[in-house]
Amino acid sequence: MINFTVIDRDGAGKLIEVPEGINLNLMEVLKASEYDILATCGGMALCATCQIEVIRGLENLKPAEDNELNMLDTLPNVSIDSRLACQLSVSEQLEGIIVKINSDLF
Ligand code: FES
């Protein structure tokens, strides 16, 4: 199992557990866990509604590719810890990380 912590927009944290080897990205897991994420682009790094802030474990994550960086560059409320959840595959890279949902509700 892969375990990580999600902090919602109200600041409440929850431990999420997902089986290893599932072919999903973090955005899909967050939606399946009933977090309010629109994901209007379906995971193409085009809508930024899955934006998260990585509170712990950023160094464990695969670096962002150009399409993710380009989208993050267009947003007003990003930091160097910001990522798009749809661009993070569910794998060992997520083990132990803490992420905060950082996108606005549109
Ligand atoms: S779901 Fe649209 S950018 Fe991630």
Side-chain angles (χ1 to χ4, degrees):
M1 289 295 228
I2 297 168
N3 300 282
F4 54 92
T5 300
V6 179
I7 300 171
D8 69 15
R9 292 180 182 88
D10 297 326
K14 186 175 163 192
L15 186 66
I16 304 280
E17 202 177 63
V18 288
E20 281 175 56
I22 57 169
N23 189 21
L24 293 175
N25 62 53
L26 180 56
M27 173 274 285
E28 293 167 320
V29 169
L30 293 175
K31 280 182 75 79
S33 305
E34 303 195 342
Y35 286 99
D36 211 353
I37 291 178
L38 292 178
T40 42
C41 77
M44 306 283 289
L46 292 174
C47 72
T49 59
C50 68
Q51 184 203 338
I52 54 168
E53 184 180 342
V54 182
I55 308 288
R56 188 176 80 191
L58 186 69
E59 67 281 3
N60 299 337
L61 301 179
K62 193 166 155 267
E65 293 185 11
D66 284 352
N67 58 345
E68 182 179 357
L69 290 172
N70 290 342
M71 175 47 66
L72 288 169
D73 265 356
T74 68
L75 305 176
N77 58 339
V78 289
S79 69
I80 53 166
D81 303 327
S82 297
R83 296 294 303 261
L84 297 177
C86 67
Q87 301 302 300
L88 296 170
S89 60
V90 172
S91 66
E92 318 76 57
Q93 68 172 340
L94 300 186
E95 177 62 37
I97 72 166
I98 301 175
V99 301
K100 182 174 187 308
I101 295 179
N102 206 27
S103 58
D104 295 324
L105 280 174
F106 296 100

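We count ligands from 1, going down the list as the structure has it; atoms in each ligand are counted the same way.
- Connection of Ile7 to Val29 is not established within any shared hydrophobic cluster, with ILVMFWY side chains joined at heavy-atom distances below 4.5 Å, either directly or through further cluster members.
- Two residues are said to be in side-chain contact when any heavy atoms from C-beta on lie closer than 4.5 Å; Leu30 and Ile52 meet this criterion.
- The shortest side-chain heavy-atom distance between Ile2 and Glu17 does not fall under the 4.5 Å cut-off.
- Asp8 places none of its side-chain heavy atoms less than 4.5 Å from the side chain of Lys14.
- No part of Ile37 comes within 4.0 Å of ligand 1, judged by heavy-atom distances.
- For the pair Asp36 and Arg9, the minimum side-chain heavy-atom distance is below 4.5 Å.
- The atoms of ligand 1 that sit less than 4.0 Å from any heavy atom of Ala45 are 3 (S).
- Near Gly43, the atoms of ligand 1 lying under 4.0 angstrom from a non-hydrogen atom of the residue are 1 (S).
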Leu72/Leu84 under side-chain contact (heavy atoms from CB on, under 4.5 Å): CA gap, chis, key distance, verdict: CA-CA 8 Å; Leu72 288 169; Leu84 297 177; 4.0 Å; yes
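- With a heavy-atom cut-off of 4.0 Å, Cys47 touches ligand 1 through backbone and side chain alike.
- Those atoms of ligand 1 with a heavy atom of Cys86 less than 4.0 angstrom away are 1 (S), 3 (S), 4 (Fe).
- In the vicinity of Ala39, heavy-atom distances shorter than 4.0 Å reach the ligand 1 atoms 1 (S).
- With 2.8 Å as the limit, Cys50 does not count as an N, O or S neighbour of atom 2 (Fe) of ligand 1.
- Contacts with ligand 1 closer than 4.0 Å are made by backbone heavy atoms (N, CA, C, O) of Ala48 only, the side chain lying farther away.
- Residue contacts to atom 4 (Fe) of ligand 1: Cys41 brings no N, O or S atom closer than 2.8 Å.
- Counting the atoms of ligand 1 from 1 in the order shown, those under 4.0 Å from a heavy atom of Leu46 are 3 (S).
- Taken together through direct or relayed side-chain contacts under 4.5 Å among Ile, Leu, Val, Met, Phe, Trp and Tyr, Ile98 and Leu61 form parts of separate hydrophobic clusters.
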